[in-house]
> 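First, the structure itself, so that you have it in front of you.
Every heavy atom of this structure was used, including side-chain atoms; hydrogens, water molecules and symmetry mates were not. Within every chain, numbering begins at 1; the chains are lettered A, B, ... in the order of the sequence lines, protein sequences first and strands thereafter.
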There are 2 protein chains.
Amino acid sequence: MTLKQLEAFYWAATCANFAMAAERLHLSTSSLSKRLVELEESVGVRLFDRTGHKAVLTVAGERFLPHAGALLQSAEATRRALGQDTGLSGRCLLGVGELCALTWLPRLLAHTRQHHPDLRLEPHVDIGRVLGERLRNGELDCAVIAGRSSHPSIVSHTIGQTHFAWVGSPSVVGRKAEYREKLFEEHPIVTLPTGAGTTKILDEWLMAKNLDVPHRLICNSWGAIAGLLIGGLGIGFLPEIWARSLARKGVLRVLRTEPSLAPLTYTLQRRRNDDRSFQPAILASVLASADFMTPPRLL
Amino acid sequence: MTLKQLEAFYWAATCANFAMAAERLHLSTSSLSKRLVELEESVGVRLFDRTGHKAVLTVAGERFLPHAGALLQSAEATRRALGQDTGLSGRCLLGVGELCALTWLPRLLAHTRQHHPDLRLEPHVDIGRVLGERLRNGELDCAVIAGRSSHPSIVSHTIGQTHFAWVGSPSVVGRKAEYREKLFEEHPIVTLPTGAGTTKILDEWLMAKNLDVPHRLICNSWGAIAGLLIGGLGIGFLPEIWARSLARKGVLRVLRTEPSLAPLTYTLQRRRNDDRSFQPAILASVLASADFMTPPRLL
DNA sequence: CGCGTTTACGCCTCACGTAAACATC
DNA sequence: GATGTTTACGTGAGGCGTAAACGCG
C-alpha cells in the first residue's frame, strides 16, 4: 500500500470516472487503473465493482474511502509540518461564473497569491449548472455558484448577494425608461443560456409577472450581453452596480419594475468529504475579496 | 514522500543506528541511507545531522518524528480496516529472560498464535541488562524484564512477581538443610552473570546479611544451574515453585533464610513512543499467560 | 457504435544489494 | 583500526504511456 495508490483510490472514488481522476492526477487512465488493481491486491479486497458499464465502489470501498482520505490528509499535514512554509500549496481548480470572473476574480487571485503563494488557483469559467456538474464529477475542487446546492454530497458556504436591475438602451426603453409590458413583447430579452444562475431569477420573475416572452437572445458572454444591450438589440438585466454605472454614463437606462428581480445568493461549494487544507483558505480568501459585482474595468 | 521513506525514517530515528534500523526493515544499510536522503530531499529539510561519528536527529527531525509515527500508525489502521481480519499482524521481537523462556513463554506463544495467528512473535532470550539495551536500541519491540526501567523513553507494565528460595543438594546443605553462614563460605554460589535481574536480588540479600562470598560459580543457563545445584557443586536459589518441586522429588533441599530473598517484580517494557497496535495485544497475552515461573517440563 | 476500463508491450526510471570508499572516534 | 555512513555500479522489478482489445449500454 503506497500513498500514490491511496491518492489514486481517493480520486477514482471521488470523481465521476477513472478518466477524470486520471486527469486530476496527471496520469493516464491505464496507469491509474493499474494502480487501483495493485492497491486492491495489496489490501486483498476488491474496492471497485467493475461488472457494470462504469466502475462503482464496493461496500468495502465505501468503508475504505474515509480512511484513505484521512491518511492522505495527515500525509499532507505531515508534509506541511516540515515544509515550514506556513502557507498552503497545491492545486485548486475553482469554478466561477462569468460574472464573478469579470468582477472580483482578479482580486481573489491577487489575494491568494499574496497569502498563499504556493497555492495554484486555477479558475474555470462556465455557467452554474455546468460548474455544479463538474464539481460533483471531481473536475473542480470548488465553485462559486448562485444558490445553494441541493446535492447531498456538496456543502455550500454563503458568500454574498447580488441585486440585478433591468436595463435597456435609451433607443429601446425611451429616455424616461418607464416599465411597459409591451417592451418585453417587442424586444428580445438578452440573457445567458439555460443553466446559468441568472437565468433562473429571470424565469422566476417572468413567472411572477405571468409574462410570455416571444423570443430570447441567448449569448454565453456577459461582456457581449452588455454590448448587445448598449447596442439596443434587446432588453436585459445586469448586476445593479453595473446598471447604475452604465446609466451614469448615459449608455443604458435602468428600468424600474415591480417586483424587482430577486437577488442572487452566491455560495462557495465543495464536496462534503473533501477536507483538504486549502478549502478553508479558499473560503477565507473568497470572503475577503468578494465584495460583489463591482463593474469590470472594461465597462 | 512515500510510506516506505517514512517507515525508514521512523526506525532510523528510533534505533541506535542506521544498521539496526536497516536490519529491522530487512534492508541493507546503504538502501536505508538512500531512502533517508530521498525523504530529506522530498521534504526539503535535513532530518539527520551526519557530521558526527553517528547520525543524530536534527531539531527538524525531532519535530518530524511524531508526525511520521502517527502517519504510519494510521496507515496500519487503514490497512487493518480493510484486512477485515480482526487479528493483528506483523512482527514483534520480544525479549525475555531465560527463566521466562523456560516457563510461560510456550504458553505465551500458544496464546498469541491462537488469538492473533498473523502476529509473528519472535522471542529473544538474554539477561535483563542486555534486553534493556536492545530494547532501547530498537533491536527489540518489547521485553519482559525484572524490575521497572528507569529510562525515560521506556514504559514498564507490571505483570507479576516471583519469589525465590535458597536451595542446595542434601550433600551440600545436609538432610535438615538448616541455614548456616558457613555454607556460603564453603560452597560457591551458583548464579547467573551480572546484569541478570536475579543477580540483583542476590547482591541485595548478601548486602543485607553483610556476607562476603568467596567465590561464585557463574553460569549463563538456568537449566545448567539447576543441574549444578542438584549435582552438589554449590548452593543457589531458584524460583520458589521450582525449589519446592525439586525438594518434593528429594534432589534438593530448601534452605530457610532470614530475611528471605526479595521477590522479583517482572514488567513488560516497551519504548514510549511505540504505539503500534500489537503492543496492547502483547501485554494482554502476557498477562493472560504469565502465571509465573511454573517449573519447566524438563525438571 | 460510444464510453469506460483493462491488457499488451516497449521504455525507462527507480530501488535494491554488493563492495568499496569515506569519515569520525 | 573499529564503527558508522555514503558512493559507485550492475541488476531486476515496477511504473509509465501508447495503442489495441474488451465489455457493457
> According to a strict under-4.0 Å criterion, is B/S33 in side-chain N/O contact with OP1 or OP2 of D/dT5?
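The answer is no; no side-chain N or O of B/S33 sits under 4.0 Å from OP1 or OP2.
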
> Got a sec, which pairs hit salt bridge (charged side-chain N to carboxylate O under 4.0 Å, His left out) with one end in residues 28-41 of chain A, sequence neighbours left out?
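Sorted result for residues 28-41 of chain A: A/E40-A/R50.
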
> Would you mind reading off the distance between A/L47 atom CG and C/dT5 atom P, rounded to a whole angstrom?
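About 15 Å, once rounded to whole Å.
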
> Please verify the inter-ring angle class for A/F18 with A/F48; under 30° counts as parallel, over 60° as perpendicular, anything in between as tilted.
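If you compare the ring of A/F18 with that of A/F48, the planes turn out perpendicular.
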
> So do A/L6 and A/F64 actually touch side chain to side chain, heavy atoms under 4.5 Å?
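Sidechains of A/L6 and A/F64: in contact.
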
> Looking at residues 18-30 of chain B, who's got a heavy atom less than 4.0 Å off DNA chain C?
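Heavy-atom contacts with DNA chain C come from B/H26, B/L27, B/S28, B/S30.
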
> When you match A/N17 and B/Q5 each to their closest nucleotide on DNA chain C, which lands nearer the 5' end?
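Nearer the 5' end of the strand: A/N17.
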
> Apply the side chain to side chain donor-acceptor pair (under 3.5 Å) test between B/D141 and each candidate in B/Q279, B/R276, B/R270, B/H124; give the one that qualifies.
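Among B/Q279, B/R276, B/R270, B/H124, the one that satisfies the side chain to side chain donor-acceptor pair (under 3.5 Å) with B/D141 is B/R276.
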
> Indicate yes or no: at least one non-hydrogen side-chain atom of B/F9 is less than 4.5 angstrom from one of B/Q5.
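Contact flag for B/F9/B/Q5 side chains = no.
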
> I'd like to know if A/K54 reaches the base of D/dG23 with its side chain, counting only an N/O donor and acceptor under 3.5 Å.
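No pair found.
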
> Does the side chain of B/C92 come within less than 4.5 Å of B/L121's, by heavy atoms?
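They are in contact (side-chain heavy atoms under 4.5 Å apart), so the answer is yes.
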
> Less than 3.5 Å between a donor and an acceptor, one on the side chain of B/K34 and one on the base of C/dG17, is that the case here?
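Side chain to base: pair found, below 3.5 Å.
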
> In whole Å, what is the span from the CD atom of A/E7 to the P atom of D/dG15?
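Taking atom P of D/dG15 as the reference, CD of A/E7 is at 15 Å.
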
